[in-house]
Amino acid sequence: MAQVSITLPDGSKKEAEAGISIADFVKNHIGPGLAKAAVFARINGQDVDLSRTLDADASLQIFTSKNPEALEVARHDAAHIVADAVQQLFPGTQVTIGPVIEEGFYYDFYRLKDGKPSPFTPEELEQIEKRANEIVARDVPFKRTEVLAADAVKLFEGKGEKFKVEIVNDIVAKGAKTLTLYAHGDWIDFCLGPHGPSTGKIGVIKLLSSSGAYWRADQTREQLQRIYGISFFDKKGLEAWQKVREEAAKRDHRRLGRELDLFHFHPVAPGSAFWTPRGTVLYQALSDWMRRLTREDGYVEIKTPLIFNKQLWMKSGHWDKYQDNMFLVKDSDSGELDFGVKPMNCPSHHIYFGFGKHSYRDLPMRLHTQDVLHRNEAAGALGGLTRVRQFAQDDAHIYCREDQISDEVFRFVKLLDRVYNAVGLKYEAKLSTRPANKLGDDALWDRAEGALKNCLETMKVAYEVKPGDGAFYGPKIDFVVSDSIGRKWQLGTMQLDYIAAERFDLSYVGDDNKEHRPVVLHRAIFGSFERFIAILIEHFAGNFPLWLSPVQATIVTIADRQVDHARKLQQELARRGFRVEFDDRGLSMQKKIRDLEISKMPYVLVIGDREVEANGAAPRRHGGEDLKTMSIDAIAELFGKESRIPDGSA
RNA sequence: GCCGAAAUAGCUCAGGGGCAGAGCAACUGAUUCGUAAUCAGUAGGUCCCCGGUUCAAUCCCGGGUUUCGGCUCCA
């Protein structure tokens, strides 16, 4: 029997007879414990099943339930099992695909009842979940076989699985001759693998929800039923995950928006928020901050009209490309919908740039605008503050010469870095490069992409390249932030635009006394105020730093005889620029402290006889820290220090 | 826009073809208290809207609105 030499991750080598399965190799040559815990293996960097054989010298790595990679494999197993369970319970349902996603997996089914697509009810989901876990409990082995593509087509045709046939045919069209099937028990799916050794390895399957989806995300194709689920190797994992979910739910900005009294929605204006006095303080604080930052960074702020006529939208291309998302307004003379409410600031900025003649010395011109914008988003797309119909952006357009692009990109990323640092958001970038339908020659794109790339690399921003994802008029960088519990949000953007100046016939006079086209840079850091606020609420879990907190402190007296002092203190702190309230409800101090603690008040200022005597108050930090009696001046100094906006510069 | 679910007091939610329910919040009174719930009382409702079935609809049926979870799109 020929021998093979297997290299383990620690560099050690083991000899074994060629043709041995990985499972047996692990059991006989490494240890039964690992053999039992193993889920899948990696041979020479390729993920494979444990049933595969070792036929040549190779490096081998074993993944167990301790590895996150194994959980992904197990969730893929779980998707198969859910599909099996569905077909057991609802014969005639066709399967499509069932990938692993960031949080669990889903499987899309084609299910007809009386000839119509029919969703799964919550009761049916429970049944499916139960059946799926029964299949897990039976611990059925997964079996991998390689078959000729033609045989696979026959197999799925025989089962009436037309979606599988379609997928197999697509793969055959790409040149595949054979493909792999995975079976557990009688249930067979066509799948790349790898899978775990048996269904029992999966642990526990939890189904989360079901929803509609289209075959290949195409509205003209079949309506499918998607079942979302997740699995864990043990109950403990599931419970821990449920805890994290509860934590995220507690941070939900829609819930905190209500609890902290920040904003409301009303059916008369779907997707448009009413901001309460507190919410408005928060909104204004961000707005003022961004005004100051941009002003200090060489921007000028302008205001432009809200409604423009059709001519502008035709020129900008919105009339053709974006009309469905615009609110149109009737012209009372013509009776036609000849006006549109602006969904973006760029066209009006371009018009503005067109006023007067510009010298090359005027560039770069950085126009900042926080005007309100409206987009008629699809009804089903609305959600809290993250997806609204009325919002404002911290928008700006930079008009510059081509040789200034690099400097401007640097300048922007530095500003963005300061802003995200100041609120504690980590970020990474996505660089989208030239698409197939690009405008302009390759040399132009080389320079543009090079400038963006160079900036990201010099500033040491982690980034991923998205080849071909840029707009036809220029490449862009999108910035993705991670909040305090690791969720990701796309916020800032820097987009180069080589066509806007052409369309709007914008020019400047160069040092050669000839007219040139400026390049336009579209850029934003918050993205939209609404969305940014939603993210900050969830990021801080409603516990805002003092500079953002709508109310910074609330005064509580121990007895009514301190009320006069309390009012004096409130006035004095307000005079010094702090946002302080006085809780004069007829309740015990303990009760008020409890209420204020729940409402995430940064400071409670307690006033008893001692504090009246000392002409001050005893601040209590959110969370319970008692700072003891302090004078008004000392409190003002403390608040002043803590309400300073972090600079954010590295 | 499409698929599904939900809508009951300010909030969280229970209920159910025949006078509409709780807790918290609010209000009034008493209490004047030293860092997470003082006591008692009062008030609060088009049970989302419009139709239909019924002697009777908040409940059943149809249509609509909004919200939520997805699809799609995006900031």
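Protein chains get the first letters and strands the later ones, always in sequence-line order, with residue 1 at the start of each.
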Check: A:Tyr603 ring centre within less than 6.0 Å of A:Phe639 ring centre: yes

side-chain hydrogen bond (donor to acceptor under 3.5 Å, both in side chains) assessment of A:Glu611 paired with A:His565: CA-CA 9 Å; A:Glu611 285 69 30; A:His565 178 70; over 6 Å; no

C1'-based separation of B:rG15 from B:rG21 [nearest Å]: 7 Å

Touch class at under 4.0 angstrom, heavy-atom based, for A:Asp609 against every strand present: base

Sugar-phosphate only, base, or nothing, as touched by A:Gly623 at under 4.0 Å among non-hydrogen atoms: nothing

Upstream residue (5' side of RNA chain B) when A:Lys628 and A:Phe526 are each assigned their closest nucleotide: A:Lys628

Nearest-Å distance once atom P is located in both B:rA14 and B:rC48: 14 Å

N/O (side chain, A:Ser588) to phosphate O (OP1/OP2, B:rU38) under 4.0 Å: yes

Sugar-phosphate only, base, or nothing, as touched by A:Gln590 at under 4.0 Å among non-hydrogen atoms: sugar-phosphate

Nearest-Å distance for atom pair CG/C1', residues A:Leu208 and B:rG70: 12 Å

Short side-chain donor-acceptor distance under 3.5 Å, A:Gln370 and A:Ser287: yes

A:Tyr110 and A:Gln225: side chain donor to acceptor below 3.5 Å: no

Presence of donor-acceptor pair under 3.5 Å, side chain of A:Arg387 and base of B:rC73: yes

Span that lies between the P atom of B:rC73 and that of B:rU12, in whole angstrom: 33 Å

Donor-acceptor pair under 3.5 Å, A:Glu611 side chain vs B:rG34 base: yes

B:rU12 phosphate, OP1 or OP2, under 4.0 Å from A:Arg258 side-chain N/O: yes

Sugar-phosphate, base or nothing in reach of A:Arg585, heavy atoms under 4.0 Å: sugar-phosphate

Out of B:rG69, B:rA75, B:rU35, whichever nucleotide has its closest atom nearest the side chain of A:Gln393: B:rA75

Whether A:Arg620 side chain and A:Leu605 backbone form a donor-acceptor pair below 3.5 Å: no

Given RNA chain B, 5'-ward residue of the pair A:Ile607 and A:Ser528, judged by closest heavy atom: A:Ile607

Span that lies between the P atom of B:rA26 and that of B:rC11, in whole angstrom: 15 Å

Any A:Arg561 side-chain nitrogen or oxygen under 4.0 Å from OP1 or OP2 of B:rC33: yes

Spacing of A:Tyr427 atom OH relative to B:rA75 atom P, expressed in whole Å: 19 Å

Within residues 261-272 of chain A, residues whose heavy atoms come under 4.0 Å of RNA chain B: A:Pro267, A:Pro270, A:Gly271

A:Phe529 and A:Tyr283 aromatic centres sub-6.0 Å: yes

Atom pair distance, as rounded to whole Å: CG in A:Leu596 and C1' in B:rA36: 10 Å

Side-chain H-bond candidate by donor/acceptor type, A:Trp215 with A:Glu166, under 3.5 Å: yes

Sugar-phosphate only, base, or nothing, as touched by A:Gly586 at under 4.0 Å among non-hydrogen atoms: base

Spacing of CG belonging to A:Leu373 relative to CG belonging to A:Asp395, to within rounding of 0.5 Å: 7.0 Å

Worked verdict on A:Asp170 versus A:Arg216 for salt bridge (Lys or Arg N to Asp or Glu O under 4.0 Å): CA-CA 13 Å; A:Asp170 279 2; A:Arg216 307 217 143 144; 2.8 Å; yes

Sugar-phosphate only, base, or nothing, as touched by A:Val388 at under 4.0 Å among non-hydrogen atoms: base

Whole-Å gap separating P (B:rU12) and CD1 (A:Ile598): 15 Å

Rounded distance (Å) that lies between atom P of B:rU35 and atom CE of A:Met630: 19 Å

Under 4.0 angstrom between A:Arg620 side-chain N/O and B:rA36 OP1 or OP2: yes

Partner nucleotide of B:rU32 by Watson-Crick or wobble geometry (both distances under 3.5 Å): none

A:Lys321 vs B:rC74: side-chain N/O to OP1/OP2 distance below 4.0 Å: no

Test item: side-chain donor near acceptor, A:Asp497 and A:His522, under 3.5 Å: yes

B:rC47 versus B:rG10 - spacing of their C1' atoms, nearest Å: 16 Å

Short side-chain N/O contact from A:Tyr228 to OP1 or OP2 of B:rC71, under 4.0 Å: yes

Sugar-phosphate only, base, or nothing, as touched by A:Leu373 at under 4.0 Å among non-hydrogen atoms: nothing

Nearest-Å distance once atom P is located in both B:rC59 and B:rA6: 15 Å

Pairing partner of B:rG10 (Watson-Crick or G-U wobble, both distances under 3.5 Å): B:rC24

Base-pairing assignment for B:rC71 (Watson-Crick or G-U wobble, both under 3.5 Å): B:rG1

Spacing of the C1' atoms in B:rA36 and B:rA40 (rounded, Å): 23 Å

Atom pair CH2/OG1 of A:Trp489 and A:Thr386 - distance to nearest 0.5 Å: 6.5 Å

Sugar-phosphate, base or nothing in reach of A:Ala524, heavy atoms under 4.0 Å: nothing

Distance, P atom - from B:rG51 to B:rG44, rounded to whole angstrom: 27 Å

Syn/anti state of B:rC55 by chi, 90° boundary around 0: anti

Phosphate OP1/OP2 of B:rU35: any A:Arg610 side-chain N/O under 4.0 Å: no

Whole angstrom value for the distance that separates C1' of B:rU72 from CG of A:Leu224: 14 Å

A:Glu377 (side chain) and B:rA75 (base): donor-acceptor pair under 3.5 Å: yes

Selection from B:rC3, B:rU67, B:rG69 that lies nearest to any side-chain heavy atom of A:Gln225: B:rC3

Atom-pair distance (CG on A:Asn376; P on B:rG1), nearest Å: 9 Å

Integer-rounded Å distance: B:rG70 P and A:Asp108 CG: 14 Å

